[in-house]
Structures are given as structure tokens and as C-alpha cells.
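Written out below as C-alpha cells is the structure these notes cover.
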Amino acid sequence: MNRPYYPVLVILVLLIAACNSQADKSKIAEHLPVPFEYALVLHGGAGSMNFENFPEPRQQHYKHSLDSALQLGLDVLEKGGGSIDAVELVIRCMEDNSLFNAGKGAVFTSEGKNEMDASIMTGEDLNAGAVAGVTNIKNPISAARAVMEQSKHVMLAGEGASVFAEEVGLEIVDPSYFYTKHSFESFQRAIEKEKHGTVGCVALDRNGNLCAGTSTGGMTNKKYGRIGDSPIIGAGTYANNRTCGVSGTGHGEFFMRWIVAYDISALMEYKGMDVEEAAQLVVMDKLVKAGGSGGVICLDRYGRPAMVTNTAGMFRAYGNSDGDRVVAIFNLMR
Ligand code: ASP
């Protein structure tokens, strides 16, 4: 080939490549959903609650609590706050509400004590923090956040977690603070009637960052020292900006062995599933076949939710920047 043609040829090739990549980009853009500016989903536990046997005033009481927690988180996001602040605030609010099995309303162990677990994870950097088996930290979710932000570790347990929480200035309470008539009665009737109400939240902020958190008193009548899925990153909590944020609730031993939260993210990342498909597969197929009861709330990176449970109900709520809002307890969005 004649030398003078080289530059022309190179320019032509570059032009064609540029046009193709433009075409690719607009093709992708056409198929991507438009992200919500922000979104938040939360749960207050899954269980065998039954529409017929659940008195209407009690349903309203739960729905009101779910709705106010949702509003608190949406307000943070609306003002441009970070998803981590929204998640911590929502979970603290639910921990302070004795309706739920977390913080104040935590259930009792077989020894009549309260041992709580919590975790938090940010999807931007896959950073995470957790506390397990804590007995005197008023808001375990804040301790989880402190472990993430103010220690070199991911999880602190028992006494050590309490000492750390006190050192970083978190509120320590006498263990009697966690005694509530309702959880004590449910402890006494534990075998036939368990209290549900682990709490969890996933938020997407205006910067496109996902955060997920979970807090629980664990399973009613659990053996002392038992740690569930809620503080285990990948089992009860997971967040990754490439895929989704997840918080789970249910029989923790199954969520740990089936690595539920991470599995949903992995199905999205490696199999290209959308968040609803992935959550359905894990909760309604894999967990059901395994005999594990429970549910999850998820948000994908566009702020689209999945709220899936294989139990009769799951206390849950979702809202976003477009004003969509759902508060429900039972299946069929009731
Ligand atoms: N997953 C929690 C645990 O096993 C309990 C629950 O969500 O109800 O500790």
C-alpha cells in the first residue's frame, strides 16, 4: 500500500469505531430504566401473621409505624442526605419502637436475656460493620456503623462490642431497658407463638449510593450465644452499587447457609437477572426447597424495589422520589 494513504485509513477506522460506540451507548440507554433520584425500602420482619386473625387496629398501628419510619428516611434522602444516614435513622426509629424485634422490643433468649445483632453495608465501597450478641447497646445499628467507620474490623461481638460502643460515645443502657411486657409474654409462649419483627432498610441516595442495614433480637427462645444471619454480611445484609442492596428476615440458619443476600446480588451480577427475578428465585424457590422461611427487601441501583416473602406476611414499606408509596403487611399488598 502507498504510504500517504495510511493517515486517511487510520482516521476512517477511528471514525467508524466512534460511531459504533455511540450507537452502542444509545442502544444501552434505551433499555436502561430511568433511575429514581432516591428510594427507600424497609421491613419490620416476616412471619405467619394472618389477615383474618390480625385485629384491624393492630394492623393500623403497625402500618402507622412503618409509614413514619419510611417518611423519616425519605426526608433525609429528599434533602440530599446519604443513604447510610437514612438507613441508620430508619433502623434506630424501629429499634426504639417496641412493636419490632430489635432494640427496645428485642425477644428473649432461652435464658430470659436479650442478645441483639445488627449490621450495615455501603454499596459504593463494599464497606461493612456489624455487632453480634450485644446486651446493653441501646441502638445496635449505630454500633454496627461505628464498627464500620471507626474500627479496622467488620464485626465485634458481646462484651468487646459494648466496650467499643461506649468508647465511641454511644448510649449504653441497663439490660432491663429491653424488657417489654409483649416480648416477655411472647418469650413465655415462645414455642407456639414466636414474635417476629426483625427490622431492615435499604436506601438509594441522590449520588446513586446504596446502603443496607438489619437489626434484630434474633429468634425467640434462641440458645444463649446464638448468632443469626442479621449481622452476617452476605447472609442477612448486603449492598453493592453494581447490583442492589438487600436486608433479610426469617430463619437465620437458612439465610446463613444459603448466603441469601449475596446470592441475590450475584444472580444479578453474573446472570443478568433483574432484582425481582433474583429475589423470587432465592426466596420462593431455593429457600422454599431448603425449608427456610422468611423474606427480603431489596432495592436495585435504579431504586426499584423487590419485597418478597415465602411466609404469610412481611411488615414492609417502600417510597421513592416520584412519590410512589407502599405500606403493606400481608401478601397481595394488603
Ligand atoms: N433472621 C433473624 C435471625 O435469625 C430473625 C428474624 O428475622 O425473624 O436472627
Side-chain angles (χ1 to χ4, degrees), residues 41-49 62 66 91 94-95 97-111 113-121 130-135 140-141 144 155 157-158 161 178 182-183 186-187 189-191 193-202 212-238 246-264 279 282-283 286-287 290-298 307-316 329:
V41 65
L42 60 86
H43 73 75
S48 53
M49 55 285 250
Y62 270 101
L66 296 168
I91 294 184
M94 297 177 88
E95 286 176 338
N97 183 339
S98 62
L99 273 186
F100 302 106
N101 169 20
K104 176 78 181 142
V107 296
F108 289 84
T109 65
S110 57
E111 281 192 317
K113 293 186 176 162
N114 308 96
E115 295 178 354
M116 293 157 286
D117 305 330
S119 65
I120 197 159
M121 181 169 191
V131 290
V134 298
T135 55
I141 193 66
M155 186 190 286
F178 300 104
H182 180 65
S183 35
S186 102
F187 160 63
R189 298 190 306 265
I191 306 305
K193 199 172 191 308
E194 288 182 6
K195 178 182 177 185
H196 295 281
T198 290
V199 305
C201 178
V202 185
T214 310
S215 180
T216 189
M219 310 250 298
T220 309
N221 206 28
K222 67 186 179 182
K223 205 170 177 58
Y224 50 85
R226 178 263 189 190
I227 305 293
D229 60 310
S230 307
I232 310 285
I233 297 303
T237 302
Y238 195 71
V246 182
S247 170
T249 172
H251 196 152
E253 278 67 12
F254 288 87
F255 279 63
M256 286 189 267
R257 290 160 61 212
W258 270 261
I259 319 167
V260 164
Y262 175 71
D263 198 20
I264 292 172
V282 173
V283 174
K286 291 184 171 194
L287 272 184
S293 66
V296 295
I297 50 151
C298 321
M307 299 179 270
V308 180
T309 186
N310 61 33
T311 60
M314 177 167 69
F315 300 108
R316 59 200 184 278
I329 301 177

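Both counts, for ligands and for their atoms, begin at 1 and track the order of listing. Being a predicted model, the structure only gives us computed values, none of them experimental.
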* Asked: What atoms of ligand 1 come closer than 4.0 angstrom to any heavy atom of T198?
  -> 2 (C), 5 (C), 6 (C), 7 (O), 8 (O)

* To do: Establish, from distance only, whether the side-chain atoms of T214 and S230 form a donor-acceptor pair under 3.5 Å.
  => no

* Asked: Backbone or side chain, does any N or O of D117 fall under 3.5 Å from an N or O of ligand 1?
  -> no

* To do: Can you sort out which atoms of ligand 1 are near G252, meaning under 4.0 Å from one of its heavy atoms?
  => 4 (O)

* Asked: Are any of the N/O atoms in G228 less than 3.5 Å from those in ligand 1?
  -> no

* Asked: Among R226, K223, K222, which one satisfies salt bridge (Lys or Arg N to Asp or Glu O under 4.0 Å) with E253?
  -> R226

* Asked: CD1/I297 to CE/M314 distance, rounded to the nearest 0.5 angstrom?
  -> 7.0 Å

* Atoms in ligand 1 with a heavy atom of G218 nearer than 4.0 Å -> 9 (O)

* Which is it for T249 and ligand 1 at heavy atoms under 4.0 Å: side chain, backbone, both or neither? -> both

* Asked: For ligand 1, is any non-hydrogen atom under 4.0 Å from R226's backbone (N, CA, C, O), its side chain (CB onward), both, or neither?
  -> side chain

* Taking distance alone, with no angle check, do T216 and ligand 1 share an N/O pair under 3.5 Å? -> no

* Structure fact -> Taking only non-hydrogen atoms of G250 and a 4.0 Å limit, the atoms of ligand 1 in range are 1 (N), 2 (C), 3 (C), 4 (O), 5 (C), 6 (C), 7 (O), 8 (O)

* Step by step, work out the side-chain hydrogen bond (donor to acceptor under 3.5 Å, both in side chains) result for T109 and E115. => CA-CA 7 Å; T109 65; E115 295 178 354; 5.0 Å; no

